[in-house]
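Scroll down for the structure; my scribbles are underneath it.
Counting begins at 1 with the first residue of the sequence. What you see is a predicted model, and the numbers here were worked out from it, not measured in a lab.
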Amino acid sequence: MNKKQKKMLARILIAAALLAALHFIPTEGALRFALYMVPYLAIGYDILIKAGKGIKNRQVFDENFLMAVATVGAIALALYEGSGDYTEAIAVMLFYQVGEFFQSYAVGKSRRNISELMDIRPDYANVEQDGRLEQVDPDEVGIGSVIVVQPGEKIPIDGVVTEGASSLNTAALTGESLPRDVKEGDEVISGCINMTGVLKVRTTKEFGESTVSKILDLVENASSRKSRSEAFISKFARIYTPAVCGSALALAVLPPLVRLVGLGLPGDWGTWIYRALTFLVASCPCALVISIPLSFFAGIGGASKSGVLVKGSNYLETLSQTKIVVFDKTGTLTQGVFEVNGIHHSELENEKLLEYAALVESSSSHPISKSLQRAYGKEFDRSRVSEVEELSGMGVTARVDGLPVAAGNEKLMRHLGIEPIACHSAGTIIHMAIGGKYAGHIVISDVVKPRAKEAVAALKAAGVRRAVMLTGDAKKVAKQVAASLGISEVFAELLPGGKVEKVEELLKTKPEKAKLAFVGDGINDAPVLSRADIGIAMGAMGSDAAIEAADVVLMDDDPMKISKAIQISKKCLRIVYENIVFAIGIKLACLVLVALGLADMWLAIFADVGVMILAVLNAIRALFVKKL
C-alpha cells in the first residue's frame, strides 16, 4: 500500500472505532450531535470538500455530490425529527470510503503488476573510456557506439553483438521464459537481461527509437484510445447522474404534495425525503465509471504480460470481433530464412555441387547466396574464383579453378545454350552448369515457422472463420505453404499495392459486424496494416514502419500469439459486459425498491459500495491470462 492508501485505511478504522464506541455512550442533544460529527467528518471531510469544489466549478453531478447530499440530508432529517439517529449517515460515508479504498487498492495493484512487467527501462549504458567502464544516460549514446553489457544488466539500446556470447532473458518483452543464446554478429534488442557472458554491442538505433522506448510509449499511451464501451459509460454517466438527481427531488416533493391535494398517498414529508436521500445513495454509478476502464486497463496489462502489445482499448474491443485473419507469408508464417531443401539431378556429389555454388555466389550478399554458403558450411578460398559476372534477372557466371561455372535460373541456362531439367519442387531453383554442361539444380525455400500450422488451427478454434494468405511469392510456392498450414485461401504474386487492393475487396465482402485483421512484418506491409480493421505486426523482426502502422504488436514473432490476443480481448470484453449488466441491473432493482419504500439506507449502501467492489474485483480478472 502507498501512503495515501495507508492514510485512508487509518481513517476508516478510526471512524469505525468511534462509531462503535458512541453506540455505548448515552448522550443527547447538542453533545450527541457534536460527538457523532467527529467520526462523520473524520471519514467524509474529503468527500464534502470535493463536492463543494464541484459545485463551485459547475461540475455538480458526480458521486461526491451524491454522497454529500445524501449524508448531509440524512443528518438534517435526524435533527428535524429530533431522533438523534446519525448512525446511517456516518455508515453511508464509512462504507463508501471502504469501497473507495478497495477500488484504489485494486487499481494500484493492477498498475503495479504492469509497472513490474514493464520495468524494462534501463537506467544507464556502459561505455568504455580510457580502459574503464563509465555509466552514461542511454539518451546520450549515439548510433554506432560500442556499449558493454555485463551479466545481470539490461541491454539498454538495440544493436549488434561485436564481441562475446551470452544467454538473454527476454521474458519482459515476449512473455517467454526460455533464454535466447546470442553470439558475435547477432542482433539484440533493448529490454532483454544479459544472463551469463559479457557482451560488447554496437548500437544501431538511438535510445528513443529502440525497442524498449517504443514498448513503454505504447503501453503508457494505450489508455488514451478509448473503446466504444468506455465512450458509452462516459455518455451514460453524464445523462444518468442528473436524471437520478431529478428523480430523487421528484420523489421527495411530489408524493407529499399529491397527498396534500387529497389523493391519499401514504407517508409524510420526512418519509419521502428519507426515501429520496436513500435513492441518491443507491444511484451512484461508481461501479460502471470505475470498473469498465479498469477492465480494459487490466486487459491491456495482461496482454502485455504475454508479449502482446495492444495500443488502446478500442483495438482490444475490435480484436474481440475479429472473424477474418489475413496473413503476409514471408516473416509472418515463415521465418524469412532461406535454406537448401534439396539437390536434384546432380552429376557430382552433392557436397561438391554445393561447393561450386557457394564459390560462384561468394561475392554476393543476396539471401539466396548466403543460404548456399551456409549449406556448404566450410571455409573456402575466394582466390579460386575469377571473372565473376552477374547477369541481371538470370544469375551469376564465373571461373572456379579455371573451369566455367554458372548458377542461376532457367533463363541463364538457355542463355548459355544449356537445356535445364525442370524441377517440380516449390521454392527457388538454382540451376548449375559446370564446364559447359548441366550439373543439376539446388532447391532453396523459406522455412515455415515451427508453430505456424498450430497457430492457424488455434485461430479457427478461437472463432476466426476465414484465414487468408497474401504474398508476393510465386503461386506454386504460396500454394504449397498454404496447404501445409491448412489455409485454403491464398493470393500470390502480389505487389504491395495489390495486397491493399485485395484487403479492400475482403473488407467490402465481409459481414457487417465482423472485423478483419492483417498480420505482417515488412515495410511493404505498413499500408495494409493501416487499412485493415486491426493491424497486427511481428515486433521482434518486424520493420519499424510495420510496428508503427500496426494496432497490435507481437513481441516474439510467434503466430500463436494472435489467437491468444483474440482470447484475451474476448475475456476482457466479456468481463466488461458482465459488469455493465450486473451494475445497471442491481442499481435499477434497488432504485425501484427504495422508491416503493421496500429498501432502507443499508441496502442502498450495498447497491453502491457492494456492487462497486464486486465489479472492480471482477475487472481485475482481465489481468490474469495464463490459463488461456
Side-chain angles (χ1 to χ4, degrees), residues 181 183 185-186 329-331 333-450 452-453 473-485:
D181 293 329
K183 59 184 182 306
D186 289 343
K329 182 179 76 70
T330 306
L333 294 171
T334 64
Q335 295 179 2
V337 177
F338 293 92
E339 289 187 359
V340 172
N341 280 341
I343 299 175
H344 303 153
H345 304 289
S346 176
E347 297 294 324
L348 306 171
E349 290 184 4
N350 287 353
E351 186 176 346
K352 193 67 176 176
L353 188 69
L354 271 175
E355 181 182 7
Y356 276 113
L359 282 164
V360 79
E361 294 273 7
S362 61
S363 60
S364 173
S365 60
H366 191 278
I368 297 294
S369 304
K370 295 293 185 185
S371 67
L372 290 168
Q373 293 167 39
R374 279 199 307 272
Y376 179 57
K378 297 178 182 179
E379 293 291 331
F380 48 79
D381 185 0
R382 294 194 182 193
S383 65
R384 295 167 59 190
V385 185
S386 61
E387 299 180 24
V388 178
E389 182 182 0
E390 187 167 344
L391 302 175
S392 180
M394 290 190 284
V396 180
T397 63
R399 283 190 173 271
V400 178
D401 299 330
L403 196 66
V405 179
N409 55 24
E410 291 183 359
K411 290 180 183 178
L412 177 63
M413 295 297 106
R414 293 194 175 99
H415 174 73
L416 298 173
I418 299 170
E419 187 61 31
I421 297 175
C423 183
H424 300 291
S425 298
T428 300
I429 312 302
I430 307 297
H431 293 275
M432 297 292 297
I434 301 172
K437 294 181 180 180
Y438 190 74
H441 55 249
I442 301 169
V443 182
I444 297 174
S445 58
D446 198 355
V447 181
V448 173
K449 288 186 176 179
K453 185 176 182 178
D473 212 338
K475 288 182 180 179
K476 188 176 181 180
V477 176
K479 286 183 178 179
Q480 186 187 58
V481 172
S484 69
L485 297 175

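The aromatic rings of Tyr438 and His431 sit tilted relative to each other, their planes meeting at an angle between 30° and 60°.
Using a 4.5 Å heavy-atom cutoff, the side chains of Met394 and Asn409 are in contact. The shortest distance between side-chain heavy atoms of Leu372 and Ile442 falls below 4.5 Å. Residues Glu390 and Val388 form no side-chain contact, since every pair of their non-hydrogen atoms from C-beta on lies 4.5 Å or further apart. A 4.5 Å side-chain heavy-atom check between Ile434 and Leu353 finds at least one atom pair inside the cut-off. Side-chain contact check for Ile429 versus Val443: some heavy-atom pair is nearer than 4.5 Å.
In this structure, Thr334 contributes its side chain and Lys329 its backbone to a donor-acceptor pair below 3.5 Å. Within the 3.5 Å criterion, the main-chain N or O of Ser362 finds a donor-acceptor partner in the side chain of Arg382. No donor-acceptor pair under 3.5 Å is formed between the side chain of Asp401 and the backbone N or O of Leu403.
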After noting the C-alpha distance and the side-chain angles of Glu361 and Val396, does the key distance pass the side-chain contact (heavy atoms from CB on, under 4.5 Å) rule? CA-CA 7 Å; Glu361 294 273 7; Val396 180; 4.0 Å; yes

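Applying the side-chain hydrogen bond (donor to acceptor under 3.5 Å, both in side chains) rule to Lys378 yields the partners Glu351; only residues at least two apart in sequence or on another chain are considered. Not counting sequence neighbours, Lys479 has no partner by the side-chain hydrogen bond (donor to acceptor under 3.5 Å, both in side chains) test.
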In residues 412-422, what donor-acceptor pairs under 3.5 Å come from side-chain atoms, sequence neighbours left out?
{"from": "Arg414", "atom 1": "NH1", "to": "Glu410", "atom 2": "OE1", "distance (Å)": "3.4"}
{"from": "Arg414", "atom 1": "NH2", "to": "Glu419", "atom 2": "OE2", "distance (Å)": "3.4"}

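Contact record, Leu359 with Val385: O-CG2, 3.5 Å, taken as the closest heavy-atom pair. When every heavy atom of Ser484 is checked against every heavy atom of Lys453, the shortest pair comes out as O-CD, 3.4 Å.
With values rounded to the nearest 0.5 angstrom, Glu379 atom CD is found 10.5 Å from Gln373 atom CD. A distance of 4.5 Å separates CD1 in Ile444 from CD1 in Ile430, rounded to the nearest 0.5 Å. Note that NZ of Lys352 is 13.5 Å distant from CD1 of Ile343, once rounded to the nearest 0.5 Å.
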